[in-house]
Amino acid sequence: MASRNSLQVPSSSSVPPHLAALAAFADPPIRHVDGAMMDYFLIETVNILRESSKVALNREREREKEMVEAGLIPPPAPPVKDIKDPLASARDSTGSLTLTKAGKAAAAGPVDDEEEGLKLRLETIGIHVGSNFSERLCRDRGLFTETLDAIKFICKDIWAACWDKQVDNLRTNHRGVYVLQDNSFKTISRLSSWQGRPDAVRKAKVYVSMPAGIIKGALARLGYNATVSPEITNLPQCTFQVKLPKGS
């Protein structure tokens, strides 16, 4: 990789050490890593952040409970009770273990909070990574004059740098909404679950939070405050909907 034209350091012993160190910092040498490293890294990151999210959520609930007991805040509203239809109750078996809709919602509530906390943390890491990627890849480029050029930069350069390919399909309504589709998204291409495809899709939605953050961070570094929403309906296909505010 060629060094910057503005910082040419001759290879001689007379070069001050601090200047040589500055040149190495501005244009570090390329280091190669194993292609599967990112997969292993993301797996361990998700597991660690999942546990961290649980701890943070339990701490928040304990703090809220203490504030309620001290009278500083009002107690939370009680859960809505499910009113069964008498006819439906008569049809139900007395030994049925099926949960009602309200029961399912109550049981899934803490899990949903933990999942949302996990996704938020993964997205935050992705934003940091994406902003650094964007800054480095745009080093020798001029400013993007059109929004579409910035989106194409995401589809080509960012995608190739992070996931070794380009986006398979790009669509837009010319009103600030862009849809980026990858038919075989590398992050979830080998993801599966012994509980079946629906559970695999649910887990995949967690893993694509970091790529969504990478897209968001890259656009933020380019000056675009975007909202990125990943969607998965059929593995390993993944679609990212990018919404830009009006006037971008």
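Nothing fancy with the numbering, it's 1 onward along the sequence.
The number of heavy atoms from other shown groups lying within 6.0 Å of NZ (Lys243) does not exceed 12. Environment of CD in Glu146: sparse, with no more than 12 heavy atoms of neighbouring residues, nucleotides or ligands closer than 6.0 Å.
Side-chain atoms of Ser52 never come within 3.5 Å of backbone atoms of Ile48 as a donor-acceptor pair (strictly under, hydrogens ignored). In this structure, the side chain of Ser134 engages the main chain of Ala218 through a donor-acceptor pair within 3.5 Å. Between the Asp199 side chain and the Gln195 main chain, no donor and acceptor come within less than 3.5 Å of each other. Formation of a donor-acceptor pair under 3.5 Å by the Asn47 side chain with backbone atoms of Ile43 is found in this model.
The residues Arg50 and Glu115 are annotated as salt-bridged, a charged nitrogen and a carboxylate oxygen being separated by less than 4.0 angstrom.
For Pro211, the side chain to side chain contact (heavy atoms under 4.5 Å, CB included) partners are Trp163, Phe185, Thr187, Phe240, not counting sequence neighbours. Every residue two or more places apart in sequence or in another chain was checked for a ring-ring contact (aromatic ring centres under 6.0 Å, His included) with Phe41, and none qualifies. For Arg171, there are no salt bridge (charged side-chain N to carboxylate O under 4.0 Å, His left out) partners at least two apart in sequence or on another chain. Scanning for salt bridge (charged side-chain N to carboxylate O under 4.0 Å, His left out) contacts around Glu135 gives Arg221, with sequence neighbours left out. Residues forming a ring-ring contact (aromatic ring centres under 6.0 Å, His included) with Tyr207 (at least two apart in sequence, or on another chain): none.
The two residues Ser184 and Asp168 come nearest to each other via the heavy atoms N-OD2, 4.1 Å. Taking every heavy atom of both residues into account, Cys162 and Ile214 meet most closely at SG-CG2, 4.1 Å. Residues Pro74 and Val68 come closest through the heavy atom pair O-CG2, 3.9 Å. Nearest heavy-atom pair across Ala204 and Leu235 is CB-CD2, 3.7 Å.
When side chains are defined from C-beta on, Lys205 does not count as touching Pro230, because their heavy atoms never get closer than 4.5 Å. Contact check for Tyr224 versus Pro245: no side-chain heavy atoms found under the 4.5 Å cut-off. Put simply, the side chain of Met210 does not reach to within 4.5 Å of the side chain of Glu123, judged on heavy atoms.
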- request: Please report the C-alpha distance between Gln241 and Val228 in whole Å, then the side-chain angles of each, then the deciding distance to 0.1 Å, and finally whether the side chain to side chain contact (heavy atoms under 4.5 Å, CB included) criterion is met.
  value: CA-CA 6 Å; Gln241 185 181 81; Val228 183; over 6 Å; no
task: Start with the C-alpha gap between Leu180 and Thr239, add the side-chain angles, then the distance that decides, and say whether side chain to side chain contact (heavy atoms under 4.5 Å, CB included) holds.
output: CA-CA 6 Å; Leu180 288 60; Thr239 301; over 6 Å; no
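Here the straight-line distance linking atom OG of Ser53 with atom CD of Glu116 works out to 9.5 Å at 0.5 Å rounding. Once rounded to the nearest 0.5 Å, the distance linking CG of Asn234 with CZ of Arg197 reads 5.0 Å. In this structure, CG in Asn225 is found 7.0 Å from NZ in Lys216, a value given to the nearest 0.5 Å. Atom SG in Cys238 sits 15.0 Å away from atom NZ in Lys186 (nearest 0.5 Å).
When the side chains of ILVMFWY residues are joined at heavy-atom separations under 4.5 Å, either directly or via intervening members, Leu143 and Leu222 end up in two distinct hydrophobic clusters. Note: the hydrophobic cluster containing Ile127 does not contain Val46 (ILVMFWY, side chain heavy atoms under 4.5 Å, direct or indirect links). Connection of Val129 to Leu120 is not established within any shared hydrophobic cluster, with ILVMFWY side chains joined at heavy-atom distances below 4.5 Å, either directly or through further cluster members.
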Show which side-chain atoms of residues 151-159 pair as donor or acceptor with protein atoms under 3.5 Å away, not counting sequence neighbours.
residue : atom : partner : partner atom : Å
Asp157  : OD1  : Arg141  : NH2          : 3.3
Asp157  : OD2  : Arg141  : NH2          : 2.6
Trp159  : NE1  : Asp182  : OD2          : 2.8

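Counted by atom type alone, Asn183 and Gln237 present one or more donor-acceptor pairs between their side chains at under 3.5 Å.
Here the options are Val179, Val177, Thr227, Leu219, the test is side-chain contact (heavy atoms from CB on, under 4.5 Å), and the partner is Val242; only Leu219 passes.
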